[in-house]
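Values in this document were obtained by computation on a predicted structure and should not be read as measured data.
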Amino acid sequence: MLENIISLFIPIGFCVVVPIAIVWIVFKTIMNKDNRRTEVLIEAIRSNNNIDTDKLAEAMTKSNRTPKEILNLRLLRGCMFSLSGIALLICSLIFNLNGIFILEIDPFLIIGSALLAIGISYMIVYFVTGKTIDAE
């Protein structure tokens with residue numbers, strides 16, 4: 001009886017509760033950042049020390065990275081994810097050929113495939129956005 005309850009609630013927890021918690025944490029972080037930015041702008045307006053609030057707001061919302069840096073970061077992430085995915089797939093192949101894994105599900109194969117897919121998607125985004133940045 002207890003095993004049935006556990007086997008029911010663990011997948012629900014991972015598939016429902018964890019994604020909702022992640023979205024809530026990200027949402028609260030963004031709201032907190034916006035609230036702090038608003039408080040700084042309100043204090044700058046209240047002090048009225050000839051501060052250009054438009055420039056201050058622009059400086060606070062401005063990204064620290066240039067488009068070229070963001071593009072290079074995508075390339076780096078794509079290479080890292082792809083190479084680690086390929087390494088795990090090779091390990092999975094070696095372990096399966098030697099008969100080390102006797103489980104029905106090979107964890108290296110699953111994780112390696114996911115990492116390779118993420119790496120390929122980063123590479124695709126890099127090449128597509130690279131063309132648009134060069135055009136601009």
Group every Ile, Leu, Val, Met, Phe, Trp and Tyr by side-chain heavy-atom contacts under 4.5 Å, then state whether [X] and [Y] land in the same group.
{"X": "L83", "Y": "I110", "result": "no"}
{"X": "F95", "Y": "L88", "result": "yes"}
{"X": "I94", "Y": "I86", "result": "yes"}

**Report entry** Backbone of M80 reached by a side-chain donor or acceptor of S84 within 3.5 Å
**Finding:** yes
Query raised in the report: Are the side chain of E43 and the backbone N or O of V40 linked by a donor-acceptor pair below 3.5 Å?
Result: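 Such a contact is absent between E43 side chain and V40 backbone.
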Please round to the nearest 0.5 Å and tell me the distance separating atom [atom1] of [X] and atom [atom2] of [Y].
{"X": "S121", "Y": "L116", "atom1": "OG", "atom2": "CG", "result": "9.5 Å"}
{"X": "K28", "Y": "N35", "atom1": "NZ", "atom2": "CG", "result": "8.5 Å"}
{"X": "L89", "Y": "I111", "atom1": "CG", "atom2": "CD1", "result": "10.5 Å"}

Query - Within residues 66-86 or reaching into it, pairs that qualify as ring pair (Phe, Tyr, Trp, His ring centres under 6.0 Å) - sequence neighbours excluded - result: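 Output for this query lists F81-Y122.
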Query raised in the report: Among pairs that include at least one residue of residues 16-42, which meet ring pair (Phe, Tyr, Trp, His ring centres under 6.0 Å), considering only residues two or more places apart or in two chains?
Result: none
Under the side-chain contact (heavy atoms from CB on, under 4.5 Å) rule, collect the residues that match up with [X], sequence neighbours excluded.
{"X": "V23", "value": "none"}
{"X": "L75", "value": "C79, M123, Y126"}
{"X": "I42", "value": "T38, R46"}
{"X": "V125", "value": "R74, T129"}

Query - Any residue meeting side-chain hydrogen bond (donor to acceptor under 3.5 Å, both in side chains) with R37, in chain and number order, not counting sequence neighbours - result: D34
Query - Any residue meeting salt bridge (Lys or Arg N to Asp or Glu O under 4.0 Å) with E39, in chain and number order, not counting sequence neighbours - result: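 Applying salt bridge (Lys or Arg N to Asp or Glu O under 4.0 Å) to E39 gives none.
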